[in-house]
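Hydrogens, waters and symmetry mates play no part in the numbers below; they use all other heavy atoms, side chains included. All chains are named by letter (A, B, ...) in the order of the sequence lines, taking the proteins before the strands, and each is independently numbered beginning at 1.
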Number of protein chains: 2
Amino acid sequence: MAQSDTVDKILDAAEELFAERGFSETSLRMITSKANVNLAAVNYHFGSKNALIHAVFARFLTPFSATLETAFDALEARCEGKPPTLNQTLWALTESAVRMPQRNEKGISIFMRLLGLAYTQSQGHLRKFLEQEYSEPFGRFMRLLKEATPQLSAVDRYWRIQFMLGATAFTMSSSDALRDILQNKLGVETTVQEIASRLVPFLAAGMQAEDAMLVPPQSEKVSVA
Amino acid sequence: MAQSDTVDKILDAAEELFAERGFSETSLRMITSKANVNLAAVNYHFGSKNALIHAVFARFLTPFSATLETAFDALEARCEGKPPTLNQTLWALTESAVRMPQRNEKGISIFMRLLGLAYTQSQGHLRKFLEQEYSEPFGRFMRLLKEATPQLSAVDRYWRIQFMLGATAFTMSSSDALRDILQNKLGVETTVQEIASRLVPFLAAGMQAEDAMLVPPQSEKVSVA
DNA sequence: GTCTGTTTGAAACATACGTTTGACGCCGTT
DNA sequence: AACGGCGTCAAACGTATGTTTCAAACAGAC
């Protein structure tokens with residue numbers, strides 16, 4: 001067995017268990033048991049549990065951010081100066097995710113859930129790590145979004161981006177959805193691609209909704225359609 | 001000091017700490033320290049940490065579900081047989097939440113974050129508790145949604161509801177946004193009402209988006225607008 | 001005032017965690 | 001054949017957790 005075999009077995013087991021149970025709720029002993037390696041191997045190869053968490057993310061995120069950069073390059077080249085549309089930008093992102101070379105068919109679902117957990121569980125070290133390591137593609141995506149929705153005020157755009165992020169991360173990170181994806185609980189086939197093809201129109205429509213009708217929050221009556 | 005004083009002090013401290021740090025990451029010792037009560041008081045009054053978590057939810061959710069029922073009653077009465085529109089249904093929900101008698105101004109934000117955590121952290125016992133205790137108003141909301149979007153297929157509606165839930169729970173539960181809400185980090189005032197007034201149009205537009213344009217997931221080219 | 005059931009207090013319990021240790025086996029190099 | 005670095009292993013470390021214990025303090029009823 002090569003030396004890196006243990007490292008990969010740990011990463012595989014950790015990725016799956018973190019996605020299923022969250023970070024704090026997954027112990028190193030669970031991971032090493034599932035990976036069939038010794039408990040000390042984690043601290044030997046990664047240094048600490050937090051560093052292992054970072055490694056799990058880096059294994060997916062580093063090649064993904066490269067793929068995303070080239071997708072954005074291609075998109076902007078195709079648009080010849082004109083800013084890409086919202087739909088194009090969203091599709092570039094989701095297609096990059098879907099096209100990622102995956103270790104197995106559930107790779108993306110698992111990783112989407114991990115991303116959701118990263119945002120939701122207040123693991124300070126993880127947020128800091130992700131923001132430091134991958135600020136560049138993230139900032140570029142934000143810039144594209146801004147150029148694609150010039151009609152929105154900065155505040156409106158800020159909140160709607162938050163909503164998009166929420167719909168995406170939460171959907172992928174909700175255990176129900178994950179279970180559906182993984183074991184096809186619904187009759188229909190439920191691939192990540194299919195979810196994405198449902199999600200993108202939802203997001204685009206919400207993002208381009210008419211001016212937020214600021215219904216006075218204290219009014220007694222609700223406006224009728 | 002009355003007997004229930006300790007109980008309420010524990011609930012207050014637990015609610016706040018759970019919202020800040022999550023359930024697993026919050027120890028009983030943190031809670032009892034913040035509440036200035038003895039460690040054993042939690043197990044004496046609630047029986048276990050899990051039961052404490054349930055009690056935190058029940059303290060908010062029980063009066064809220066009652067408020068929501070009357071709001072739905074009023075809405076349906078006003079519509080005289082016609083099914084309420086999507087906007088009306090969403091507003092009835094958010095207004096019920098906003099109108100809840102709160103212990104303090106940040107009550108709703110905190111509780112929204114707790115709800116998001118409940119869905120996200122795979123705490124099996126919590127999900128089971130919530131589904132058992134509050135299935136009735138939840139089911140009623142789902143029925144109203146169904147009647148308000150008859151054009152959607154069941155599968156489309158299922159996923160779009162998931163998206164709505166995600167945008168809402170995630171927005172309210174993201175720690176960044178929470179921090180902004182709590183201490184007005186942004187220049188503009190950011191109340192829960194204001195967020196809701198931005199969120200509802202986003203959700204309604206997404207929910208009523210045109211038929212999901214099922215772009216073939218494997219196609220090389222992206223459709224252009 | 002005394003008694004009875006309820007609530008608090010400090011301390012201990014058993015368990016699980018992340019991490020560290022030191023011995024052991026392996027393998028390529030000298 | 002002896003060495004030395006590397007990876008593995010079982011075992012232990014110190015700490016933190018949820019929970020339990022039992023005596024003391026308190027309340028209201030008689």
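- Among the atoms of the strands shown, none is found under 4.0 Å from any heavy atom of A:Ser24.
- Protein atom CG of B:Asp5 is 15 Å distant from nucleotide atom C1' of D:dA27, rounded to whole Å.
- In summary, B:Glu15 and B:Arg59 engage in a salt bridge, as defined by a charged side-chain N under 4.0 Å from a carboxylate O.
- Using a 4.0 Å cut-off, no side-chain N or O of B:His45 falls inside it from OP1 or OP2 of C:dT6.
- Heavy-atom distances to DNA chain C give each of B:Ala41 and A:Met30 a nearest nucleotide, and the one nearer the 5′ end belongs to B:Ala41.
- A salt bridge is defined here as a Lys NZ or Arg NE, NH1 or NH2 lying under 4.0 Å from an Asp or Glu carboxylate O, and A:Arg140 with A:Glu76 meets this definition.
- With sequence neighbours left out, B:Phe57 forms a ring pair (Phe, Tyr, Trp, His ring centres under 6.0 Å) with B:Phe111.
- Taking side-chain N and O atoms only, A:Thr6 has no distance below 4.0 Å to OP1 or OP2 of D:dG7.
- Side-chain contact check for B:Thr62 and B:Tyr134: at least one donor-acceptor pair (N or O, by modelled atom type) lies under 3.5 Å.
- What separates CG of B:Asn36 from P of C:dT8 is a distance of 13 Å, to the nearest Å.
- Which of C:dT8, C:dT20, D:dG7 sits closest to the side chain of A:Asn43 comes down to C:dT20.
- Here D:dT19 presents its P atom at 13 Å from CD1 of B:Ile10, a figure rounded to the nearest Å.
- Distance B:Asp8 CG to C:dT7 C1': 15 Å, rounded to the nearest Å.
- Looking at every heavy atom in both residues, B:Ser135 comes nearest to B:Glu131 through CB-O, 3.1 Å.
- No donor-acceptor pair closer than 3.5 Å links the side chain of A:Thr149 to the backbone N or O of A:Leu152.
- Remark: nothing in residues 46-56 of chain A comes within less than 4.0 Å of DNA chain D through any heavy atom.
- Atom NZ in A:Lys9 sits about 12 Å away from atom C1' in D:dG7, given to the nearest Å.
- Comment: A:Glu147 does not engage A:Arg143 in a salt bridge, judged by the lack of any side-chain N to carboxylate O separation of less than 4.0 angstrom.
- Residue-level contact check: A:Thr32 touches neither bases nor backbone, having no heavy atom under 4.0 Å from any strand.
- Computed from coordinates, the A:Glu25 CD to D:dA16 P distance equals 19 Å when rounded to whole Å.
- By the 30° and 60° cut-offs, the orientation of the rings of B:His54 relative to B:Phe129 is parallel.
- For A:His125 and C:dG18, the NE2 to C1' distance is 13 Å, given to the nearest whole Å.
- Distances shorter than 4.0 Å separate some side-chain N or O of A:Ser27 from OP1 or OP2 on C:dC17.
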Are any protein N/O atoms closer than 3.5 Å to N/O atoms in nucleotides 11-14 of chain C? If there are, list each pair with its distance.
none

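- Put simply, CG on A:Leu28 is 16 Å from C1' on D:dC9, counting in whole angstrom units.
- In this structure, A:Phe60 has its ring center under 6.0 Å from that of A:Phe64.
- In this structure, a donor-acceptor pair under 3.5 Å is absent between the side chains of B:Gln162 and A:Thr171.
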